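Quick one: this structure, given as structure tokens, is what I'll be asking you about.
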There are 2 protein chains.
Amino acid sequence: MAKRTGLSEDAVAQRALALIDADGIEGLSMRKLAAELGVSTMTLYSYFPDRAALLDGVAQAIYAQIDAPEDAGGPRETLRVLMRGVRRVLLAHPHALPLIAEYPPRTLAALAFINAGFRALRRAGVGPRDTARAYRALAAYSLGTAQVEINGYFRAGEGPAAGRPESEESSVEVGRILPYLAEVGPLLGELDDAGEFDYGLDLTLDGFMGRHAT
Amino acid sequence: MAKRTGLSEDAVAQRALALIDADGIEGLSMRKLAAELGVSTMTLYSYFPDRAALLDGVAQAIYAQIDAPEDAGGPRETLRVLMRGVRRVLLAHPHALPLIAEYPPRTLAALAFINAGFRALRRAGVGPRDTARAYRALAAYSLGTAQVEINGYFRAGEGPAAGRPESEESSVEVGRILPYLAEVGPLLGELDDAGEFDYGLDLTLDGFMGRHAT
DNA sequence: ACCTGAACACCGTTCAAGT
DNA sequence: ACCTGAACACCGTTCAAGT
């Protein structure tokens, strides 16, 4: 690509990620990013055809941060380690999460952690198709968990954890219409995020291992 | 709020949702929405303080479409029906999914389906805390599933389902570096979305029921 | 009191020009 | 060949003015 600037696609994507971490996706403009890198705005277009391609590149850079663990202690433990790593990396870049949801892993470095997940199941004797099915369920759960954690679905006093709609009806009224929400909702906010992630992961793994008794 | 226009917050949000369904979130501008509604751009600001509040309103309108099923056939079946309904509504508005991820349910109508989920578990004798924990895991899984389905994570030939990085390395090279991806990835694209959603849901429910043998 | 047009401070991207 | 400034066609939101 560009020759004189001394930049690379990855260098541009990394700087874009830093700006997103600081100011959010809306805070990243082609103009600001170019200024940070000391080039003209239009020079960015020699690395990425448009802003969407740049954002895809940022997503790939994040995926590449996820560890691909070696097998140790059986597939169940390897998958637990892998998915905890997924969660950790996603939580490290909360403003970038919409990009993870939108752009699937695509580059070699971005796909390495998935290869590790498949390997753990295949080596344990799980067939290719059941490996795909189990991985799919675990990946959806891990991505969904990052979403609800980052966006405060279950944070005390917000969303369903409030146990009542925001400033619309009186709490008394709500307790009558949505009594189970009023009772259980506030408990959502008291749960420990990391512990609950493991809990849900274990539920799925329990279910899977129950069907593939080894 | 505004008196002369004959509009309401909900009417504005519903029209915004229709525009998003057609053109995506980026395709929704305050100017275009106002023109659709036959009012000046600034009139919208008497219903919502800014664009973010409008998008939150769109999310609430979507949550309100999710059915809150009565108990029938036990908690397991009720939760299955509930979560299938969540998936169905989210898939009906693919362009709006980022709003669901960003804005948790907040209004009375938007929270009704959660009350139904809590009710199914509480009536089955599950304690308030375990109800919160189980619901959290199921909600994260259902949201994550909608994300990966809509964004083609597992669609044949895209993302990990391609089994190879996009136009970077030769397939031969990749089969050597990420052999499990090359073997299992393509199978992801052959799975049936609705069936796989039920599969992952059942894994979690199996795990949960195994711990709460009734 | 209620609504609005013009203006402000931004965007992403096209394109013709500069070296 | 490689890079860029100006221009184009948009944005969300502020604000002073109109009825």
Side-chain angles (χ1 to χ4, degrees), chain A residues 1-61 95-99 101-103 151, chain B residues 1-61 95-99 101-103 151:
Chain A
M1 299 286 172
K3 302 273 175 63
R4 303 218 223 283
T5 57
L7 287 173
S8 65
E9 282 181 47
D10 190 59
V12 173
Q14 294 292 346
R15 187 70 83 129
L17 174 56
L19 276 179
I20 288 172
D21 283 341
D23 303 327
I25 295 172
E26 295 198 356
L28 173 76
S29 73
M30 302 301 272
R31 283 166 160 94
K32 275 166 65 175
L33 177 58
E36 285 267 329
L37 292 166
V39 298
S40 81
T41 303
M42 291 317 301
T43 296
L44 297 179
Y45 288 81
S46 61
Y47 297 95
F48 297 96
D50 53 29
R51 187 172 188 265
L54 169 63
L55 295 178
D56 177 292
V58 171
Q60 303 309 318
H95 285 136
L97 190 62
L99 305 181
E102 182 161 3
Y103 302 105
N151 294 300
Chain B
M1 300 283 172
K3 303 274 177 62
R4 302 219 223 284
T5 57
L7 287 175
S8 65
E9 282 180 47
D10 190 60
V12 173
Q14 293 293 345
R15 186 70 83 131
L17 175 56
L19 276 180
I20 288 171
D21 283 341
D23 302 325
I25 295 171
E26 295 198 357
L28 174 76
S29 74
M30 302 300 272
R31 284 166 159 93
K32 275 166 64 176
L33 176 58
E36 283 267 329
L37 292 165
V39 298
S40 82
T41 304
M42 292 316 301
T43 297
L44 297 178
Y45 288 80
S46 63
Y47 296 94
F48 297 96
D50 53 30
R51 186 172 189 265
L54 169 64
L55 295 177
D56 178 291
V58 171
Q60 303 309 318
H95 285 136
L97 190 63
L99 305 181
E102 182 161 3
Y103 302 104
N151 294 299

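For clarity, every value in this text was computed on a predicted model and none was experimentally measured.
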> What nucleic acid atoms does Leu33(B) come within less than 4.0 Å of, heavy atoms only: base, sugar-phosphate, or nothing?
Replying inline: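 No contact at all - Leu33(B) keeps every heavy atom at 4.0 Å or more from the nucleic acid.
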> Side-chain contact, heavy-atom cut-off 4.5 Å: Val58(B) with Leu28(B)?
Replying inline: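 Side chain of Val58(B) against side chain of Leu28(B), heavy atoms only: no contact under 4.5 Å found.
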> Looking across every strand, which nucleic acid part, if any, lies under 4.0 Å from Leu28(A) by heavy atom: base, sugar-phosphate, or nothing?
Replying inline: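 Result for Leu28(A) = sugar-phosphate.
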> Nearest to the side chain of Lys32(B) - dT13(D), dC11(D), dG12(C)?
Replying inline: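 From the listed options, dC11(D) comes nearest.
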> Is dG12(C) paired to anything, Watson-Crick or G-U wobble with both distances less than 3.5 Å, and if yes, which nucleotide?
Replying inline: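 Pairing partner: dC8(D).
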> So what's dC3(D) paired with, Watson-Crick or G-U wobble, going by both distances under 3.5 Å?
Replying inline: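 Across any shown strand, dC3(D) pairs with none.
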> Any idea which of dC3(D), dT4(C), dT13(C) is nearest the Thr43(A) side chain?
Replying inline: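 Selected nucleotide: dC3(D).
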>> From the set dG12(D), dT14(C), dT13(C), return the single nucleotide nearest to any side-chain atom of Ser29(B).
In response: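 From the listed options, dG12(D) comes nearest.
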>> Return the pairing partner of dA17(C) with a 3.5 Å limit on both distances, Watson-Crick or G-U wobble; otherwise return none.
In response: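 Pairing partner: none.
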> Would a 4.5 Å heavy-atom cut-off, applied to side chains only, mark Thr43(A) and Leu37(A) as touching?
Replying inline: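 Answer no - side chains too far apart.
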> When we call it a touch if two heavy atoms are under 4.0 Å apart, what does Met42(A) touch: a base, just sugar-phosphate, or nothing?
Replying inline: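 Counting heavy atoms under 4.0 Å across all strands, the contact made by Met42(A) includes a base.
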> Nearest of dG5(D), dT13(D), dG12(C) to any side-chain atom of Asp50(B)?
Replying inline: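 Selected nucleotide: dT13(D).
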>> If you assign Ser40(A) and Arg31(A) each to the DNA chain D nucleotide with the nearest heavy atom, which residue ends up on the more 5' nucleotide?
In response: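 Between the two, 5'-proximity favours Ser40(A).
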> Do the side chains of Lys32(B) and Asp23(B) get nearer than 4.5 Å, heavy atoms only?
Replying inline: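 Yes, their side chains come closer than 4.5 Å.
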> Taking the side chain as C-beta and beyond, is there a heavy-atom pair between Arg15(B) and Leu7(B) under 4.5 Å?
Replying inline: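 A side-chain contact under 4.5 Å is absent here.
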